[in-house]
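See below for the structure under consideration.
Numbers restart at 1 for each chain; the letters A, B, ... are given by sequence-line order, proteins then strands.
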Amino acid sequence: MNLKEEKIEKLRKIIELVDQSEISSIQSVVSGVIDVINDPRSSAKDLKDIIEIDPPLTAKVLKVANSAYYYSPNRISEIQHAVIWIGFDVLKEIALSQKVWEVFDKEECIHDYSRSSLWKHSVAVALLGKMIYRREFGERGENAYAAGLLHDIGIIVEHQFLANEFKGILTKAREEKKNLPRAEYEVLGYTHTDVGETLAEHWSFPEEFVLAVGYHHKPDVVEQEHSRLASTLYVADYLCQEKGIGYADMPVRDKELFQKCLKKLNIEAYALDLIVKDMEAEIARMEDQGFFEHEKLQR
Amino acid sequence: MKNCKDDYLKELEEQNLLLETRIKHLTNDLRLTREENETSTRNYFEIYSNMEKKVEERTRELEELQRELQEKSQELEIMLDSSPAMIFFKDAEQRYVRVNKNFSEILGLPISEIIGKKDEELFSGEALLTEQDDQKVLETGEPILHRSEVIQTSNGNRQLVIDRIPYKDLKGEVKGIISFALDVTEAKRVEAEKRKLEAQFQQAQRLEAVGTLAGGIAHNFNNLLMGIQGNVALMLVDTEPVHPHFEKMKVIEKLIQSGSKLTAQLLGYAREGQYEIKPVNLNQVVKDTADTFGSTKKEIRIHRDFAEDLLAIEADQAQIEQALLNLFVNAADAMPAGGDLFLKTMNISHEDLVDRPYKAKPGNYVLVSIRDTGVGMDKKTMEHIFEPFYTSRGLGKGTGLGLASVYGIVKAHGGYIDVYSEKGCGATFRVYLPATEKSIQQEVSRKNELTRGRETVLFIDDEDTVAEVGDQMLKKLGYEVIMARSGKEAIAVYETEQEKIDMVILDMVMPDISGGEVYDRIKQINPDVKVLLSSGYSIEGQAAEILDRGCDGFIQKPFNLQALSVRIREVLEEKRVQGSCVN
């Protein structure tokens with residue numbers, strides 16, 4: 001068995017574990033919302049049905065929709081009202097983030113890693129990715145948002161099922177001043193990007209999405225036609241870590257790759273600066289709302 | 001300076017770029033936001049219209065459900081209304097919540113006027129009892145069944161049998177009462193009527209039993225009388241009229257006649273007896289019967305208005321006497337304090353009998369009308385007056401058979417009877433009997449002289465006294481006598497000695513073979529045999545039947561020497577008794 005086959009076998013096993021765990025419980029809602037995002041014929045009714053089938057999610061979505069963050073003028077008590085007051089697209093984001101949040105919602109600190117810090121990082125990457133798509137490409141950027149939220153899901157999986165190894169990996173990365181993927185590879189023979197990619201594939205997410213999650217640490221490997229999302233994700237990931245928002249798995253950042261990505265995406269550095277400032281402002285507002293605190297969003 | 005200018009220009013250029021980027025960002029954002037808003041709005045209306053569709057669907061579903069519910073409720077309603085029982089629900093305050101059609105019909109109130117009311121508002125009097133029972137069911141939660149109650153309704157008093165059953169919710173708490181009430185008024189009435197009919201039937205059976213008893217007594221009594229009569233008759237033959245015992249013996253004979261009449265009455269009561277139809281003078285019969293009756297009822301004045309030229313009727317005189325007597329008794333009953341009884345006879349024809357409930361057969365009739373000045377009767381009583389067991393004298397007092405037997409007798413004679421009366425104005429009974437052209441035979445044909453003969457007579461009778469006296473009487477008249485003491489013996493004797501025997505006197509009632517059968521067997525041996533039937537009693541129709549089959553004559557026991565001598569000669573000389581057959 002060569003190395004590659006061994007890796008595939010290991011990933012297959014870990015996905016089996018995921019299938020039997022509560023992480024898989026987010027699959028149907030997340031896939032549903034991603035389908036809504038990518039199907040031009042889908043409507044708010046489809047989204048409403050996806051949310052309403054999950055009463056705890058519905059409650060959380062309504063709570064967020066009613067929060068000061070969205071300036072909703074009336075008390076929103078139904079998903080269909082949320083559609084008009086805060087918008088179809090925003091509602092997708094809320095549904096997605098609230099559902100994905102469920103797997104991040106378990107506090108345990110290992111060095112500078114915690115699920116909530118990883119969550120804050122993921123939300124920031126999602127937000128930034130989306131903003132780049134909107135402002136620079138003039139597109140909705142919903143996939144970028146979804147990919148941003150889920151790009152580090154592999155870390156959660158490792159933390160959940162390989163707790164001891166994961167602790168070792170974190171220590172190793174810290175002590176040896178290595179990026180997380182490198183430490184992961186040394187210990188496990190695969191990285192959290194591999195896990196994320198395999199899981200996204202297993203959950204039948206769109207190909208661009210799968211590749212973006214799988215190559216958000218090396219977007220240059222992705223073929224041209226699917227590289228934009230991966231590159232955007234890398235840029236967003238890079239910047240969020242540079243700005244120190246949430247957990248950082250790249251203490252050693254590859255500035256060259258970053259510049260290469262910017263060039264590929266055709267984004268000027270000063271334009272990016274403007275977007276990052278707005279993103280930081282949004283994250284600050286979210287923090288004010290307590291969006292990254294456990295109790296507040298949990299119940 | 002140039003550097004400075006270049007720097008400035010560069011700075012301006014940079015600022016310009018920044019502004020352009022900002023504009024680009026804002027333009028993109030605004031465009032997308034507008035698009036998103038449009039999508040949201042479109043989506044909202046989509047949801048909204050879907051909602052509308054959904055509401056419509058739900059409304060349809062609800063309507064369907066409602067319709068089903070209505071059907072079910074209608075079914076229930078039909079079931080409730082089809083029940084012969086009164087069904088009603090009351091709540092815990094004993095107010096009517098629901099009642100079926102039957103309930104409202106029996107009460108004579110529309111359902112809407114019953115719902116929400118209490119018993120005390122609907123009924124008077126017995127409401128208290130109902131309330132007590134209801135209260136008990138509500139308190140104990142136990143049903144109370146088969147309670148009889150009478151309610152007053154606009155349809156009169158109704159007798160009910162009520163079942164009360166507590167209505168409990170799922171938790172077992174009593175929430176009201178379900179009641180089923182059966183209206184048994186009609187059933188009770190029918191039952192009472194049935195009981196009355198049964199009583200009447202028993203009465204009839206009793207009368208029949210009494211009749212049978214009376215018939216039996218009369219039979220035996222007649223045989224005794226026959227013995228006495230025979231012996232006296234024999235003594236009289238041997239006694240000179242100047243002998244001191246002669247008159248006494250005549251008295252004995254008279255007394256025997258009276259006794260015989262008594263038995264005749266008993267037989268009449270038993271609706272049995274002889275059928276001897278012959279031309280009769282109705283004036284004579286009415287006069288004789290009225291005299292007899294008048295002597296017992298001094299307080300009633302009897303007025304007679306008889307037609308001199310009254311035609312004869314063909315009748316059984318005894319039965320006609322009986323019928324008249326019954327009518328007189330009926331009149332007397334209507335005049336407890338006395339009064340006047342008007343008797344009238346006249347000839348009429350069927351043409352005079354119009355506007356009657358019956359259609360008279362063409363011919364001449366003899367009318368006898370009996371009018372009293374009594375209490376009279378109403379129309380209803382008149383309608384039933386000839387029905388058996390109908391009596392105004394109260395159950396157990398009258399037989400209820402008097403006028404019925406009058407009716408029966410008149411009918412049997414081919415006649416008609418009707419009645420006219422008004423309450424308080426007396427009553428008039430009119431009896432019409434068919435007239436006959438036949439002349440009335442004079443009773444005097446039975447003269448004092450005894451007709452004698454020398455022929456041989458076979459005398460058949462199982463009774464010792466009768467056999468002995470009969471033997472002696474026949475011998476006294478000069479006849480040769482062969483005795484037979486049973487049906488079997490009679491047939492045997494006749495078989496061997498038929499050549500010698502000129503005629504047979506046959507008793508009708510014998511223990512082994514009945515007179516009728518003996519007659520038939522003898523007739524087989526010799527179709528020309530001459531037979532005189534004798535009986536003190538006859539099973540209904542039997543005498544008549546035998547006479548019908550060709551029997552030559554009939555003699556009623558007890559008979560005296562004279563009657564016997566006349567009848568024997570009549571038979572032997574083939575002078576058959578006129579009208580010896582009934583109908």
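In this pair, Tyr238(A) and Tyr234(A) present their aromatic rings tilted. The plane angle is within the 30 to 60° band.
Contact check on Glu113(B) versus Lys117(B) returns no salt bridge, with no Lys/Arg side-chain nitrogen under 4.0 Å from an Asp/Glu carboxylate oxygen. A salt bridge links Asp39(A) with Arg41(A); the closest basic N to acidic carboxylate O contact falls under 4.0 Å. Ion pairing of Asp134(B) with Arg164(B) is present here, as a side-chain N (NZ or NE/NH1/NH2) and a carboxylate O approach within less than 4.0 Å. The pair Lys136(B)-Glu139(B) does not meet the salt-bridge criterion, since no charged nitrogen lies less than 4.0 angstrom from a carboxylate oxygen. Electrostatic pairing of Arg60(B) and Glu64(B) does not count as a salt bridge here, judged by no charged N lying under 4.0 Å from a carboxylate O.
Note on Glu139(A), Met131(A), Gln80(A), His81(A): by heavy-atom pairs under 4.5 Å with chain B, the leading option is Gln80(A).
Heavy atoms closer than 4.5 Å to chain A are found in both the backbone and the side chain of Leu17(B). Looking at Thr33(B), the atoms closer than 4.5 Å to chain A (heavy atoms on both sides) sit in the backbone and in the side chain alike. Of the two parts of Asp29(B), the backbone and the side chain both hold a non-hydrogen atom closer than 4.5 Å to a non-hydrogen atom of chain A.
Smallest separation of non-hydrogen atoms from Ser67(A) and Gln289(A): CB-OE1, 4.1 Å.
Asp254(A) pairs by the salt bridge (Lys or Arg N to Asp or Glu O under 4.0 Å) definition with nothing, not counting sequence neighbours.
For a heavy-atom cut-off of 4.5 Å, chain B lies close to Tyr270(A), Ala271(A), Leu274(A), Ile275(A) in residues 257-277 of chain A.
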